[in-house]
2 protein chains.
Amino acid sequence: MSEPLSEPLRQFIDAVFPQFSVDWSRVEPHLETRSLQKGGLLLREGDPCDFVGLTLTGCLRLFFLKDDKELTLFFCPAGSLLGDYQNLRQRRPAIFSGQAIEASEVLILNRQVLALLEAAPAGPQLMRLVVEFLAFRLRDRLLSLYRDTPEQRYLALLETEPELLQRVPQHYIASYLGLEPESLSRLKRRVYQRRLS
Amino acid sequence: MSEPLSEPLRQFIDAVFPQFSVDWSRVEPHLETRSLQKGGLLLREGDPCDFVGLTLTGCLRLFFLKDDKELTLFFCPAGSLLGDYQNLRQRRPAIFSGQAIEASEVLILNRQVLALLEAAPAGPQLMRLVVEFLAFRLRDRLLSLYRDTPEQRYLALLETEPELLQRVPQHYIASYLGLEPESLSRLKRRVYQRRLS
DNA sequence: AGCAGGCATTGACGTGGGTTAAGTCTTTGC
DNA sequence: GCAAAGACTTAACCCACGTCAATGCCTGCT
């Protein structure tokens with residue numbers, strides 16, 4: 001028998017709030033995983049939005065539509081939370097879609113699981129930390145989009161997440177940087193030509 | 001005698017979490033207000049960051065520096081929270097500055113006040129809602145910067161906050177939209193010329 | 001009144017990104 | 001192994017924004 005589904009969730013929580021405790025035997029039966037092929041959708045814009053995912057293996061991306069184009073907001077490799085938290089809370093349809101970039105496995109935290117976590121003694125504190133975690137990620141992304149040029153963002157990505165640039169197709173990287181694929185090509189050429197001098 | 005300082009705070013909390021209760025007589029002595037002249041700074045980038053503000057009257061803006069230029073992240077008219085929440089929590093220096101656009105008065109929620117609120121029976125739930133409130137504001141700003149063109153952002157502002165466009169000098173509006181003042185001038189001209197046809 | 005400083009506008013110019021189209025290369029499926 | 005589809009690159013053209021500079025308006029100060 002393999003490890004219980006709650007194990008990765010416990011590890012995630014341990015990292016943000018080690019003091020947290022809950023009766024995991026009550027959580028376990030509500031947990032499930034979803035397996036996705038490369039390109040498969042975990043969540044589709046417009047769907048009712050009643051879970052948060054935790055990537056177990058592989059890598060997903062969270063994106064939304066601008067006109068007919070897809071804009072990638074976050075990459076979610078193993079250990080990342082993904083979903084449309086705001087519309088989960090407000091019980092509105094999701095405005096994000098979640099797609100597997102590689103074959104991936106995701107732990108589903110549905111409303112029952114979230115309710116059990118919240119009902120635990122330190123549940124509200126945990127939820128606050130999780131929301132902070134999400135908010136900080138949003139803030140960093142906002143600052144980088146607001147303050148930096150696409151070139152600065154590319155160089156920063158090269159610096160901080162070089163493995164992502166290997167794993168993820170270029171057109172997703174472009175969309176993450178806020179560019180068209182053609183512009184990323186040119187940008188890279190500029191950068192590398194400048195490196196030669 | 002005028003109304004207690006806690007009154008506007010109670011109103012703000014009532015709006016997000018009506019069930020909340022706390023012994024306000026213990027909070028009151030830690031509250032203070034700060035009066036700012038037009039142009040005055042409530043918070044300066046690099047300062048240690050140990051309070052959140054609640055605008056009582058007037059209007060402030062939250063901005064940060066990109067190279068030598070100021071980028072305006074939020075406008076904070078009466079009733080708004082302002083401050084660098086992330087760096088308050090992480091006890092790092094602020095990366096935002098807060099400046100009064102008009103003569104303004106701000107209620108200061110220092111660490112003691114926040115601790116008292118958090119220690120109340122439903123304190124953690126309240127803090128969670130406040131963080132969500134801040135996170136949702138960040139998310140909306142992020143989506144608008146990511147998805148919309150400066151022109152779309154200008155038109156949206158015209159639609160949703162027409163009074164702000166009257167109150168706030170153009171170069172702050174430009175900086176909020178992510179533009180130089182010259183570009184906002186031209187953008188407006190484009191829009192109005194197009195309206196004629 | 002007169003002057004200075006700040007703010008908004010306009011123009012000229014350069015640049016980077018969007019768009020379209022074409023071409024190369026790799027991957028996928030049969 | 002071959003054909004089709006998809007991914008990345010390059011090129012040409014256009015346009016919006018940044019920059020620098022000049023002008024004009026308004027406010028406040030002396």
Side-chain angles (χ1 to χ4, degrees), chain A residues 37-41 59 61 63 65-72 75 99-103 144-158 164-196, chain B residues 37-41 59 61 63 65-72 75 99-103 144-158 164-196:
Chain A
Q37 296 183 322
K38 178 175 174 174
L41 286 172
C59 184
R61 70 188 184 105
F63 69 93
L65 293 181
K66 168 195 181 163
D67 306 326
D68 57 337
K69 284 190 298 270
E70 301 178 350
L71 296 183
T72 298
F75 294 115
Q99 183 184 37
I101 294 177
E102 319 165 350
S144 130
L145 278 170
Y146 202 179
R147 180 186 345 128
D148 302 334
T149 63
E151 180 172 326
Q152 290 171 315
R153 287 199 288 278
Y154 175 72
L155 293 173
L157 203 60
L158 204 59
L164 243 149
L165 290 178
Q166 304 306 318
R167 268 170 95 175
V168 173
Q170 299 280 0
H171 63 284
Y172 294 148
I173 301 285
S175 137
Y176 180 76
L177 296 174
L179 293 175
E180 298 304 311
E182 296 91 332
S183 299
L184 179 54
S185 270
R186 278 183 304 220
L187 189 159
K188 282 166 61 181
R189 199 151 66 101
R190 273 205 311 277
V191 168
Y192 294 130
Q193 285 189 347
R194 206 177 311 148
R195 291 256 165 111
L196 299 181
Chain B
Q37 297 181 320
K38 179 175 173 175
L41 287 172
C59 184
R61 70 189 183 103
F63 68 93
L65 293 181
K66 169 195 181 164
D67 306 326
D68 57 336
K69 286 190 296 270
E70 301 178 349
L71 296 184
T72 298
F75 294 113
Q99 183 184 37
I101 293 177
E102 320 165 350
S144 131
L145 278 170
Y146 200 1
R147 176 182 354 122
D148 302 336
T149 63
E151 180 172 326
Q152 289 171 314
R153 288 198 288 278
Y154 174 74
L155 293 174
L157 203 59
L158 203 60
L164 245 155
L165 291 178
Q166 304 306 319
R167 270 168 93 176
V168 173
Q170 299 278 1
H171 62 285
Y172 294 147
I173 301 285
S175 137
Y176 181 77
L177 297 175
L179 292 176
E180 297 305 310
E182 296 93 330
S183 299
L184 178 55
S185 270
R186 279 183 298 234
L187 189 158
K188 283 166 61 184
R189 199 151 65 100
R190 272 205 310 277
V191 169
Y192 294 131
Q193 285 190 347
R194 207 177 309 148
R195 291 255 164 113
L196 299 180

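Just so we're on the same page: letters track the sequence lines, and every chain starts at 1.
Sorted by residue number, the list of members of residues 173-181 of chain B with any non-hydrogen atom under 4.0 Å from DNA chain C is empty.
Separating the CD atom of B:Gln152 from the C1' atom of D:dC17 is a distance of 16 Å, rounded to the nearest angstrom. In this structure, B:His171 atom NE2 and C:dT9 atom C1' are separated by 15 Å, rounded to whole Å. For the pair B:Glu151 CD and D:dC17 P, the interatomic distance rounds to 8 Å; values are reported in whole Å. Distance B:Leu184 CG to C:dT10 C1': 14 Å, rounded to the nearest Å. The nearest whole Å value for the distance from the NZ atom in B:Lys66 to the C1' atom in D:dC17 is 11 Å. Look at CZ on A:Arg194: it is 12 Å from P on C:dT15, rounded to the nearest Å. Regarding A:Asp148, its CG atom lies at a distance of 16 Å from the P atom of C:dG16, rounded to whole Å. The CD-P distance, from B:Glu70 to D:dG18, rounds to 16 Å in whole Å.
Rounding to the nearest 0.5 Å places CG of B:Asp148 at 10.0 Å from CG of B:Leu155. To the nearest 0.5 Å, atoms CZ (B:Arg167) and CG (B:Leu165) are separated by 12.0 Å. With rounding to the nearest 0.5 Å, the separation of CG in A:Leu41 from CZ in A:Phe63 is 5.5 Å. Rounded to the nearest 0.5 angstrom, A:Leu157 CG and A:Leu164 CG are separated by 6.5 Å.
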Quick test: give all pairs of protein nitrogen or oxygen and nucleotides 24-30 of chain D nitrogen or oxygen below 3.5 Å, distance rounded to 0.1 Å.
none

Inset, instruction - Could you please spell out the steps behind the side-chain contact (heavy atoms from CB on, under 4.5 Å) verdict for B:Lys66 and A:Tyr146? - result: CA-CA 9 Å; B:Lys66 169 195 181 164; A:Tyr146 202 179; over 6 Å; no
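As judged by a 4.0 angstrom heavy-atom cut-off over every strand, B:Glu182 is placed among the base-contacting residues.
The number of heavy atoms from other shown groups lying within 6.0 Å of CZ (B:Arg195) does not exceed 12.
Contact annotation: A:Arg190 side-chain N/O to C:dG17 OP1/OP2 distance is under 4.0 Å. Regarding contacts with the backbone of C:dA12, every side-chain N or O of B:Arg186 stays at 4.0 angstrom or more from both OP1 and OP2. At C:dT9, one or more side-chain N or O atoms of B:Ser185 fall inside 4.0 Å of OP1 or OP2 (strictly under the cut-off). Contact between the side-chain N/O atoms of A:Lys188 and the OP1/OP2 oxygens of D:dC8 is not found at any separation under 4.0 Å. The side chain of B:Lys69 places an N or O atom within less than 4.0 Å of a non-bridging phosphate oxygen (OP1 or OP2) of D:dT19.
Evaluation of the salt bridge (charged side-chain N to carboxylate O under 4.0 Å, His left out) rule for A:Arg190 yields A:Glu151 as partners, not counting sequence neighbours. Among residues two or more places apart in sequence or in another chain, the side-chain contact (heavy atoms from CB on, under 4.5 Å) test is passed with B:Arg189 by B:Gln193.
The two residues A:Ala100 and A:Gln37 make their nearest non-hydrogen contact at CB-O, 3.5 Å.
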Inset, instruction - Heavy atoms under 4.0 Å is the rule here; annotate nucleotides 23-30 of chain C 5' to 3' with B where the base is hit, S where only the sugar-phosphate is, and - elsewhere. - result: --------
Run the side-chain donor-acceptor check on residues 169-181 of chain B: report pairs under 3.5 Å with partners two or more places apart or on a different chain.
unit_1	atom_1	unit_2	atom_2	d
B:Ser175	OG	B:Glu70	O	3.3
B:Ser175	OG	B:Thr72	N	2.7
B:Ser175	OG	B:Thr72	OG1	2.7

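Taking only side-chain atoms of A:Leu187, from C-beta outward, the nucleotide of C:dA8, D:dG18, C:dG17 with the closest atom is C:dG17.
B:Gln99 places no side-chain N or O within 3.5 Å of a backbone atom of B:Arg61 that could act as its donor or acceptor partner. At distances below 3.5 Å, at least one donor-acceptor pair connects side-chain atoms of B:Arg153 with backbone N or O atoms of B:Ser144.
Between B:Arg189 and B:Tyr172, the residue anchored closer to the 5' end of DNA chain C is B:Tyr172, taking for each the nucleotide with the nearest heavy atom.
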